[in-house]
Amino acid sequence: MAELHCHIEGAADPALVLELAERNGIDLGGIIRDGAYVWHDFTSFLAAYDRASTVFQSADDFARLAEDHLTRLADAGTIHAEFFISPDHAEAGGTAPQAYLAGLAEGVRRARHATGIEARMIVVGVRHLGAGRVEAAARFAVAGAMSEPLLTGFGLAGDERSFAPRDFAKAFDIARDAGLGLTAHAGELRGADSVRDTIAALKPQRIGHGVRAIEDDDLVRRIAADGIVLEVCPGSNLALGIFPDAAAHPLRRLVEAGVKVTLNADDPPFFATDLAAEYRFAADAGIGRAGLLALTRNAIEAAFVDPATRQRLLDRLVRDAISLGAPPSRH
Ligand code: ADE
Ligand code: ZN
């Protein structure tokens, strides 16, 4: 497995959040009940997410968060994981963005050393905070990438109902000019027009979600023809009610239309999911073993990594597939 779309604060295990809230003396305001996050719609989800993120208050706390997240993924068989980091969330919790980046990078290195998992970080701007904040996030990404090689991308997250894609064109130009990989959330809370406008205005290589492109056949054909990669997060979509049930989710239709689809958990404990569950969802949707392998290959081919790392990951994918597919040895 490989993952391209996960928000690091959204990956925080509720037990870790409770522990740090106690230690750092933070009132969580009831966002965790019986060991699970509590929210009821996208707005209250974002509020719970924002509040949980404030318990992380030092580089060390963020190192622990990244290490915990990546170790869990590696234990489940993940060979590469990219995650979104948000300087705005670091500041809201009182951590300077530079310390945030350094702490997360330390966590990546610890997990990589212990498990062999590869990982990269993507700075996101939060769109409902406005174009100015998103441009500041882009400038932080560019400066951060100069000192931290694990930072390789820039993206746009937050409430898609706020502002228009073109409002963020300058931020994407700043990141593109510095050679960062680009991804933008679209087609989650809004429909096909949002995906089309995002592609036109921001020219990202990847779209976060993009699933509501399914509302427009022409757009789906164009996404497939142009090789734009969709970071599909079925568990998130179902939890947030973007689609009423598994049968209505367009994952399989997008794959069959020739779109380069990847599987992702988005904010796993918020949506009671993880990457393995997303692969089970795909299998239940009728995607066979070769198809699942192709989804992982799509992720590695679209990863924001250097060519040598990509080749190493592809080699590992082939090796793992052969060893998993081989008949059991007799001992
Ligand atoms: N930030 C965290 N999770 C998100 C999601 N699913 N959509 C937009 N912004 C997010
Ligand atoms: Zn997301």
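Just follow the structure's listing: the first ligand is 1, and inside any ligand the first atom is 1.
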- Task: Considering only NZ, NE, NH1 and NH2 on the basic side and carboxylate oxygens on the acidic side, decide whether E67 and R110 come within less than 4.0 Å.
- Result: yes
- Should the pair R64-D68 be classified as a salt bridge under the 4.0 Å nitrogen-to-oxygen rule? no
- Query: Ring centres of H7 and H89 under 6.0 Å apart?
  - Reply: no
- Give a yes/no on ligand 1: does F42 have at least one heavy atom closer than 4.0 angstrom to it? yes
- closest protein heavy atom to atom 10 (C) of ligand 1 is H7 CE1, 3.6 Å
- Message: Is the terminal nitrogen or CZ of R176 (NZ for Lys, CZ for Arg) located under 6.0 angstrom from the six-membered ring centre of F154 and within 45° of that ring's axis?
- Response: no
- Atoms listed for the Zn ion (ligand 2) (protein only, N, O or S, under 2.8 Å, no waters) are H5 NE2, H7 NE2, H185 NE2, D266 OD1
- Within-shell test, H209 vs ligand 1, heavy atom, strictly < 4.0 Å: yes
- Can you tell me if F45 has a non-hydrogen atom under 4.0 Å from ligand 1? yes
- Taking 4.0 angstrom as the limit, do K260 and E231 come out as a salt bridge? no
- Message: Against ligand 1, does G158 come closer than 4.0 Å with any heavy atom?
- Response: yes
- Query: Which of the atoms of ligand 1 are close to E188, meaning less than 4.0 Å from one of its heavy atoms?
  - Reply: 5 (C), 6 (N), 7 (N), 8 (C)
- Salt bridge R196-D216, side-chain N to carboxylate O under 4.0 Å: yes
- Do other residues, nucleotides or ligands put more than 12 heavy atoms under 6.0 Å from the CZ atom of R166? no
- Query: Can you find a side-chain donor-acceptor pair between Y100 and S86 that sits under 3.5 Å?
  - Reply: no
